[in-house]
Amino acid sequence: NAWPSTYAKFINNNREAVSLKIWKASVLSQPELGNVGEIGRTFLTQKGGLAVQTRKDSLLIEELQLAGKTKINYSEFLKGRKNFIGKILQ
């Protein structure tokens, strides 16, 4: 188990709460991104990365894991979950 990591939840299309663990991420400063929306909203960066808006900056998610699944990189995760973009992480 790598440390540190963090957990988040989002509501899927079936209106069920889904847990995920973020294993690897880095900070993107706000000037690089512009205004992308409300805190917790997921979005694609200009370079195609997966990010989530925070209060001041954004978190670029590199590796994550759904509950009960194996850890994968963000691009593999998005291949089967294109509707994840725009979800709010809590």
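Keep in mind that the numbers below use all heavy atoms, side chains included, and drop hydrogens, waters and symmetry copies. Counting from 1, the numbers follow the sequence of the chain as shown. Keep in mind that this is a model prediction, so the values were computed, not measured.
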Grouping I, L, V, M, F, W and Y whenever their side-chain heavy atoms are under 4.5 Å apart, do [X] and [Y] come out in a common cluster?
X   : Y   : value
I61 : Y7  : no
L59 : Y74 : yes
I22 : I85 : yes
F77 : W23 : no
I39 : V27 : no

Non-neighbouring partners of K47 that pass salt bridge (Lys or Arg N to Asp or Glu O under 4.0 Å), sequence neighbours left out = none
Taking salt bridge (Lys or Arg N to Asp or Glu O under 4.0 Å) as the test, write out the residues that go with K69, two or more places apart.
-> none
Taking it one step at a time, do N13 and K87 satisfy side chain to side chain contact (heavy atoms under 4.5 Å, CB included)?
-> CA-CA 10 Å; N13 290 343; K87 298 286 186 194; 3.0 Å; yes
As an exercise, state the distance from [atom1] of [X] to [atom2] of [Y], rounded to the nearest 0.5 Å.
X   : Y   : atom1 : atom2 : result
K71 : L20 : NZ    : CG    : 14.0 Å
Q53 : L89 : CD    : CG    : 11.5 Å
L78 : I72 : CG    : CD1   : 8.5 Å
S19 : F10 : OG    : CZ    : 9.0 Å
D57 : S29 : CG    : OG    : 6.0 Å

Kindly give the heavy-atom pair with the smallest separation between [X] and [Y], and that separation in Å.
X   : Y   : value
I11 : A17 : CD1-CA, 3.9 Å
K79 : E76 : NZ-OE2, 2.9 Å
A25 : E62 : C-OE2, 3.8 Å

Got a donor-acceptor contact below 3.5 angstrom from the [X] side chain to the [Y] backbone?
X   : Y   : value
R41 : I88 : no
N14 : E16 : no
T42 : L50 : no

Going through the distances and angles, do R81 and V18 end up as a side chain to side chain contact (heavy atoms under 4.5 Å, CB included)?
-> CA-CA 13 Å; R81 296 167 191 85; V18 178; over 6 Å; no
Strictly by modelled atom types, are T70 and Q65 linked by a side-chain donor-acceptor pair under 3.5 Å?
-> no
